[in-house]
Amino acid sequence: MKFHVISFGCQMNANDSDWLVRALESRGWTETPEEQASVFIVNTCSVREKPEQKVYSLLGRLEQYARRDGGVFAAVGGCVAQQVGRGFFERFSFVRLVFGTDAVALAPEALERLAQSPDERLALLDFLPTYAEREDPAPKAGGPAQAFVNIMQGCDNFCTYCIVPYVRGRQKSRQPGAVLAECRGLAARGVREITLLGQNVNSFGLDRGGAGVSFAQLLRQVAAIPGVERLRFTTSHPKDIADEVIAAFGELENLCPALHLPLQSGSDAILKRMGRRYDTARYLDIVERLQRARPGISLSTDLIVGFPGETDADFEATLRMVERVGFESSFSFKYSDRPGVAAVRMEPKIDEETAAARLEHLQNLQNTLTKDCLEKCVGTQTVVLIEGPSRKQDAGAPSLRGRDPAGRTVNVTLDGGADLTGKMVPVRLVEAKKHSLVGEKAGASW
Ligand code: SAH
Ligand code: SF4
Ligand code: F3S
């Protein structure tokens with residue numbers, strides 16, 4: 001069968017989609033461009049209204065293929081699938097599978113079955129009590145040098161704006177042994193950079209699936225695997241970050257000097273109403289300790305503007321916090337009402353115009369901070385793990401794209417034609433662009 005996957009949402013969704021591709025390929029299915037596919041798999045995100053709407057408009061557009069060829073069908077997975085469930089069957093006659101967030105492991109088999117019985121429809125929406133291990137399909141030869149590894153599923157925090165606990169279910173840690181085995185397997189295949197994934201990695205092990213191993217311990221065990229040259233993790237909740245995890249930044253050389261630590265708001269009153277369970281003083285204390293453990297650590301964050309009841313003064317407090325911490329980058333969003341979350345009932349709602357103006361203001365500030373951070377790198381030397389050709393190729397010398405240890409995108413101009421994808425390359429940084437750096441080869445080692 002020819003299939004095409006479209007993925008929305010966070011890295012966990014992207015990782016699930018990558019796994020689905022590999023699992024289907026190992027069954028003899030072929031990934032193709034949209035126009036040639038007979039099966040569409042849409043992995044959805046429900047975190048804000050916009051990505052949810054995109055799912056409906058995408059399915060509306062893909063339906064044309066089913067109108068032309070009755071054999072074409074679609075599967076909808078992920079967070080909107082969990083939320084809307086069988087509702088997709090009513091809205092789109094060509095949708096024949098909905099699979100929730102705990103059913104990813106079952107999707108390849110379900111798709112095989114549906115491909116053989118054209119009149120059938122399936123809904124796999126149950127939450128499971130423990131983390132569902134998946135088969136480990138053979139990776140493609142010469143795969144990327146970076147990999148993501150799930151360490152947990154779900155979230156128990158119920159921040160008042162957030163739908164994730166409802167659509168991903170309760171937190172379920174994966175068995176530490178399974179995480180380590182996957183990481184060892186990846187390192188043995190040549191993967192050099194591993195990112196551990198979870199909605200709240202700092203509370204790893206603190207649920208029923210926990211096996212007495214804390215996140216700090218897991219981090220140390222993964223860091224000790226030979227061949228793991230770079231280790232990252234995301235996402236961290238400030239209320240749960242342990243002293244041992246902060247200390248790890250000073251102790252583990254291969255733990256990358258970067259941390260994504262969602263702040264959400266710089267106003268203590270709003271943080272309280274968001275149910276985040278930390279205040280700005282605690283956040284600043286964490287930042288200080290991180291900077292002491294690893295001077296120069298690059299910090300990034302998530303921010304929401306226009307949360308119900310956010311005043312001008314609250315918003316200004318966010319601007320001041322962002323400036324004070326000096327985030328290297330941030331993702332910022334307008335608050336979006338989600339069905340069933342506590343903030344739906346909070347008043348007053350902030351009008352669209354005010355929220356849009358606040359978002360723009362915040363993003364302008366962030367752009368200045370990002371520029372400052374990138375400019376400080378110019379003139380220094382670093383090591384870039386090459387990911388592939390640059391997106392933009394200027395006339396003249398070809399260029400490669402990769403990341404420095406902090407995760408900054410670096411475009412490196414090449415003079416030879418050697419394929420350096422997956423290689424660690426010493427680079428001198430020569431120029432800062434808006435969101436990336438430009439480097440030149442350094443030393444004579446390559
Ligand atoms: N588990 C992660 C984030 C998951 S969602 C954490 O706790 O940090 C990613 C980001 O989307 C959140 O950090 C938040 O900034 C944003 N977000 C979540 N719900 C939202 C909503 N209802 N409206 C706007 N942004 C939201
Ligand atoms: Fe959502 Fe909060 Fe859980 Fe993050 S920690 S996924 S923001 S409920
Ligand atoms: Fe979206 Fe689900 Fe991730 S709602 S952000 S895809 S956990």
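When reading the values below, keep in mind they use all heavy atoms of this one structure, side chains included, and skip hydrogens, waters and symmetry mates. It should be emphasised that the depicted structure is a prediction, and the values quoted were computed from it without experimental measurement. FYI, the numbering just counts along the sequence from 1. As the structure lists them, so they are numbered: ligands from 1, and atoms in each ligand from 1.
- Every protein residue with a heavy atom nearer than 4.0 Å to ligand 1 is included here: Val47, Arg48, Tyr161, Gln199, Thr235, Pro262, Gln264, Arg276, Asp302, Ile304, Phe333, Lys334, Tyr335, Ser336, Arg338.
- A salt bridge links Arg338 with Glu52; the closest basic N to acidic carboxylate O contact falls under 4.0 Å.
- In this structure, Phe94 has its ring center at least 6.0 angstrom away from the ring center of Tyr65.
- With a 4.0 Å cut-off on non-hydrogen atoms, Gln199 touches ligand 3 through its side chain and not its backbone.
- With waters left out, the protein N, O or S atoms under 2.8 Å from atom 3 (Fe) of ligand 2 add up to 1.
- The six-membered or imidazole ring of Phe40 lies away from that of Phe73, with a centre-to-centre distance of 6.0 Å or more.
- Aromatic rings from His237 and Tyr278 are positioned such that their centres are separated by under 6.0 Å.
- Shortest contact from atom 4 (S) of ligand 3 to any protein heavy atom: Ser46 N, 3.2 Å.
- Using a cut-off of 4.0 Å between Lys/Arg side-chain N and Asp/Glu carboxylate O, Glu112 and Arg27 are scored as salt-bridged.
- Salt bridge Glu310/Arg358: present, at least one basic N to carboxylate O contact under 4.0 Å.
- Shown in contact with Arg276 at under 4.0 Å from a heavy atom are these atoms of ligand 2, numbered in order with element: 2 (Fe), 7 (S).
- The pair Arg134-Asp18 does not meet the salt-bridge criterion, since no charged nitrogen lies less than 4.0 angstrom from a carboxylate oxygen.
- Taking the ring axis of Phe333 as reference, the NZ or CZ atom of Arg48 stays within 45° of it and closer than 6.0 Å to the ring centre.
- Side-chain contact, Asn13 with Ser7: no donor N or O sits under 3.5 Å from an acceptor N or O.
- Within the 4.0 Å heavy-atom criterion, both parts of Cys10, backbone and side chain, lie near ligand 3.
- For Lys172 and Asp156, the salt-bridge test fails: no basic side-chain N is under 4.0 Å from an acidic carboxylate O.
- Checking Ile241, Asn200, Ile151 one by one against Phe215, the side chain to side chain contact (heavy atoms under 4.5 Å, CB included) holds for a single residue, Ile151.
- With a heavy-atom cut-off of 4.0 Å, Val47 touches ligand 3 through backbone and side chain alike.
- Using a 4.0 Å cut-off between charged nitrogen and carboxylate oxygen, Lys2 and Glu31 do not count as a salt-bridge pair.
- Protein heavy atom closest to atom 7 (S) of ligand 2, with residue, atom name and distance, is Tyr161 OH, 3.3 Å.
- For ligand 3, the atoms lying closer than 4.0 Å to a non-hydrogen atom of Asn13 are 6 (S).
- The pair Arg86-Glu90 does not meet the salt-bridge criterion, since no charged nitrogen lies less than 4.0 angstrom from a carboxylate oxygen.
- Closest protein heavy atom to atom 1 (Fe) of ligand 3: Cys45 SG, 2.3 Å.
- Between Asp279 and Lys272 there is no salt bridge, since no side-chain N of the basic residue sits under 4.0 Å from a carboxylate O of the acidic one.
- What sits closest to atom 2 (Fe) of ligand 3 on the protein, heavy atoms only, is Cys79 SG, 2.2 Å.
- Using a 4.0 Å heavy-atom cutoff, Arg168 is listed among the residues neighbouring ligand 3.
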